[in-house]
Amino acid sequence: MDFQLTEEHLAVREAARDFAQNELLPGVIDRDTNAIFPKDQVKKMGELGFMGMMVNPKYNGGGMDTLSYVIAMEELSKIDASASVAMSVNNSLVCWGLEKYGTEEQKEKYLKPLAGGEVLGAFCLSEPEAGSDATSQRTEAILDGDHYILNGTKNWITNGSSASFYLVIAQTHPELGHKGISVFIVEKNWEGFVVGKKEDKLGIRGSDTHSLMFTDVKVPVENRIGEEGFGFTFAMETLNGGRIGIAAQALGIAAGAYELALSYSKERKAFGKPISKHQAIQFKLADMATQIEAARLLVYKAAWLKDNGEDYAQASAIAKLYASQVAMDVTVEAIQVHGGYGYVKEYHVERLMRDAKITQIYEGTSEIQKIVISRSILR
Ligand code: CAA
């Protein structure tokens with residue numbers, strides 16, 4: 001067991017930290033207030049190699065390990081979780097599955113620009129009536145010669161209007177239940193594909209969340225990933241890795257709020273001394289530091305298991321379940337340390353608290369993580 005980060009990991013952390021401070025911090029309050037997608041920032045993240053970090057360099061990726069990815073996710077999420085979720089979805093929900101299961105033609109055409117950060121991708125599983133109950137897909141893709149006819153609606157899709165390519169999960173054989181679900185690559189400009197309304201959200205307000213409508217969209221057979229019926233397994237396997245990314249995001253939100261609370265506590269005076277000299281605040285800081293350290297170890301362990309070819313489904317669910325709870329607990333306490341200042345936008349911690357909440361919901365709610373964990377334990 002080695003707790004020492006390599007030179008490469010430290011360099012990734014430094015690069016992500018610099019980028020977050022210099023490029024994400026300016027304007028982050030305005031983007032949150034006005035629900036503006038960080039388009040220019042995400043483009044720069046692509047140029048710096050953050051959008052396909054784990055993809056093989058022959059497909060324009062960074063060829064790095066999962067630990068590098070979670071380190072970068074933590075640093076960016078300390079400042080702007082709206083930018084980091086765009087990165088997480090592109091890396092682990094879109095590029096990963098394309099690289100693992102896509103054909104060489106699909107990788108050339110779609111993975112290369114996605115991993116190189118030229119375009120963004122989206123992962124379309126959730127529907128109005130299929131959120132946690134993901135097997136209940138209503139979207140249908142019916143084979144018609146050399147293409148499928150796709151009809152249906154997807155909800156709460158991250159990168160919904162900014163993406164160019166969409167991985168869409170759909171029923172190809174409804175009578176087979178989840179074994180009749182398949183997955184397709186759909187391009188944004190195809191006829192019949194309409195980007196619906198943008199969601200007005202509590203947190204990650206800069207993230208571009210939309211519903212999507214497909215009406216008789218013609219999808220060529222060669223755009224199916226894997227065999228017919230492989231779509232549900234594809235989605236579950238993809239989410240096993242995605243949850244490591246969201247756990248790292250939750251960790252970053254918590255760590256960002258903690259760092260702000262720590263520095264504020266040394267500056268703010270009450271009763272004749274900095275509030276960090278009061279035990280009430282010291283104990284809060286101690287609890288936050290302990291929870292964050294525990295979350296970080298769980299996230300790193302899940303990443304390590306994935307990098308070493310071990311089963312990581314249970315570890316990623318544990319990491320997400322715990323880190324997202326830590327994100328909620330720590331951001332609430334960080335506001336408390338800031339007192340009245342914590343309740344206003346200028347001090348950032350109220351935004352971090354609003355951003356934290358989604359980490360208990362997307363890529364599987366905390367309750368779903370408990371299902372995954374308990375099934376794995378009891379198997
Ligand atoms: N890894 C691999 N395979 C899995 C799996 C996992 N974690 N979980 C289930 N499976 C497989 C099962 O082995 C089974 O396969 P077989 O039939 O071949 O044996 C199949 O999937 C069906 O599994 P279940 O019988 O367990 O299905 P279920 O309906 O009882 O429960 C569930 C499945 C775990 C609850 C699943 O529906 C689930 O994970 N739901 C949550 C969905 C989710 O995370 N949505 C997030 C949306 S994406 C998002 O948020 C993206 C974004 O933009 C940020």
Side-chain angles (χ1 to χ4, degrees), residues 37 73 77 81-97 100-101 120-137 139 154-163 166-169 173 176-183 198-199 201 203-204 206-212 226-227 229-250 302 305-306 310-321 324 355 357-379:
F37 180 68
M73 276 297 296
S77 304
S82 295
S84 73
V85 70
M87 167 176 158
S88 179
V89 165
N90 204 71
N91 275 276
S92 32
L93 296 191
V94 181
C95 288
W96 181 83
K100 185 156 168 95
Y101 292 112
L120 265 181
F123 179 80
C124 312
L125 173 67
S126 301
E127 300 187 355
E129 291 173 75
S132 290
D133 184 6
T135 53
S136 297
Q137 296 287 305
T139 298
K154 294 290 176 181
N155 260 26
W156 310 295
I157 303 302
T158 304
N159 301 339
S161 77
S162 308
Y166 299 75
L167 301 191
V168 180
I169 318 294
H173 292 283
L176 296 179
H178 75 268
K179 290 190 189 297
I181 292 172
S182 304
V183 54
K198 180 171 174 163
E199 303 294 350
K201 308 188 294 294
I204 56 159
S207 166
D208 176 29
T209 316
H210 286 259
S211 54
L212 307 175
E227 296 299 316
F230 177 61
F232 194 73
T233 303
F234 177 90
M236 291 297 108
E237 284 192 15
T238 300
L239 283 164
N240 289 337
R243 288 166 185 162
I244 301 177
I246 298 304
Q249 180 186 48
L305 288 170
K306 179 164 175 282
E310 306 274 346
D311 188 343
Y312 54 92
Q314 180 185 318
S316 71
I318 289 178
K320 181 178 182 291
L321 176 67
S324 61
D355 289 350
K357 186 60 202 167
I358 191 62
T359 65
Q360 295 187 307
I361 299 173
Y362 58 20
E363 300 202 23
T365 61
S366 294
E367 291 72 17
I368 289 294
Q369 305 314 319
K370 289 182 191 179
I371 291 178
V372 174
I373 297 162
S374 58
R375 282 185 185 173
S376 169
I377 293 167
L378 294 165
R379 192 163 50 209

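In each ligand, atom 1 is the first atom listed, and ligand 1 is the first ligand listed.
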Are there protein heavy-atom neighbours of [atom] below 4.0 Å?
atom	value
atom 32 (C) of ligand 1	no
atom 49 (C) of ligand 1	yes
atom 29 (O) of ligand 1	yes

[X] (side chain) donor-acceptor with [Y] (main chain) under 3.5 angstrom:
X	Y	answer
Lys154	Ile169	yes
Gln369	Ile318	no
Asn159	Gly121	yes
Gln249	Thr359	no
Lys306	Ile244	no

Considering only the protein, which heavy-atom contact is closest to [atom], and what is its distance?
atom	result
atom 18 (O) of ligand 1	Lys179 NZ, 3.1 Å
atom 20 (C) of ligand 1	His178 NE2, 3.5 Å
atom 23 (O) of ligand 1	Phe232 CE2, 4.1 Å
atom 41 (C) of ligand 1	Ser132 O, 3.4 Å
atom 3 (N) of ligand 1	Met236 CB, 3.6 Å

Enumerate the atoms of ligand 1 whose separation from the nearest heavy atom of [X] is less than 4.0 angstrom.
X	result
Arg375	24 (P), 26 (O), 28 (P), 30 (O), 31 (O)
Ala134	37 (O), 42 (C)
Leu93	51 (C)
Thr135	29 (O)
Gly131	42 (C)
Tyr362	50 (O), 54 (C)
Thr158	52 (C), 53 (O), 54 (C)
Ser126	47 (C)

Q) If you measure from each heavy atom of Thr233 to ligand 1, is any distance below 4.0 Å? A)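 Checking ligand 1 against Thr233, which is what was asked, there is no heavy-atom contact under 4.0 Å.
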
Q. Of Glu363, Gln314, Glu237, which has the heavy atom at the shortest distance from atom 46 (C) of ligand 1?
A.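 Minimum heavy-atom distance to atom 46 (C) of ligand 1 goes to Glu363.
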
**Q.** Shortest heavy-atom approach to atom 35 (C) of ligand 1 - which of Ile181, Ile169, Ile368, Ile358
**A.** Ile368

Q: Return a yes/no value for Ile371: is any of its N or O atoms, backbone included, closer than 3.5 angstrom to an N or O of ligand 1?
A: no

Any side-chain heavy atom of [X] within less than 4.5 Å of one from [Y]?
X	Y	answer
Arg243	Val372	yes
Val94	Val89	yes
Met236	Leu239	yes

Q.
Trp156 and side-chain contact (heavy atoms from CB on, under 4.5 Å): which single residue from Ser126, Ser211, Cys124 fits?
A.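 Answer after filtering Ser126, Ser211, Cys124: Ser126.
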
Q: Evaluate the criterion side chain to side chain contact (heavy atoms under 4.5 Å, CB included) for residue pair Ser88 and Ile246; output intermediate values, then yes/no.
A: CA-CA 7 Å; Ser88 179; Ile246 298 304; 3.8 Å; yes

Q.
Rounded at 0.5 Å granularity, tell me how far CD1 in Ile371 sits from OG in Ser132.
A.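 Reported value, rounded in 0.5 Å steps: 7.5 Å.
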
(Q) Could you measure the distance from the CG atom of Leu321 to the NZ atom of Lys370? Nearest 0.5 Å is fine. (A) 6.0 Å

Q: With heavy atoms only and a cut-off of under 4.0 Å, state how Asn240 meets ligand 1: side chain, backbone, both or neither.
A: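 Side chain only.
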
Q) For ligand 1, is any non-hydrogen atom under 4.0 Å from Arg379's backbone (N, CA, C, O), its side chain (CB onward), both, or neither? A) neither

Q: Applying side chain to side chain contact (heavy atoms under 4.5 Å, CB included), run through Tyr101 and Thr233 and close with a yes or a no.
A: CA-CA 11 Å; Tyr101 292 112; Thr233 303; 6.0 Å; no

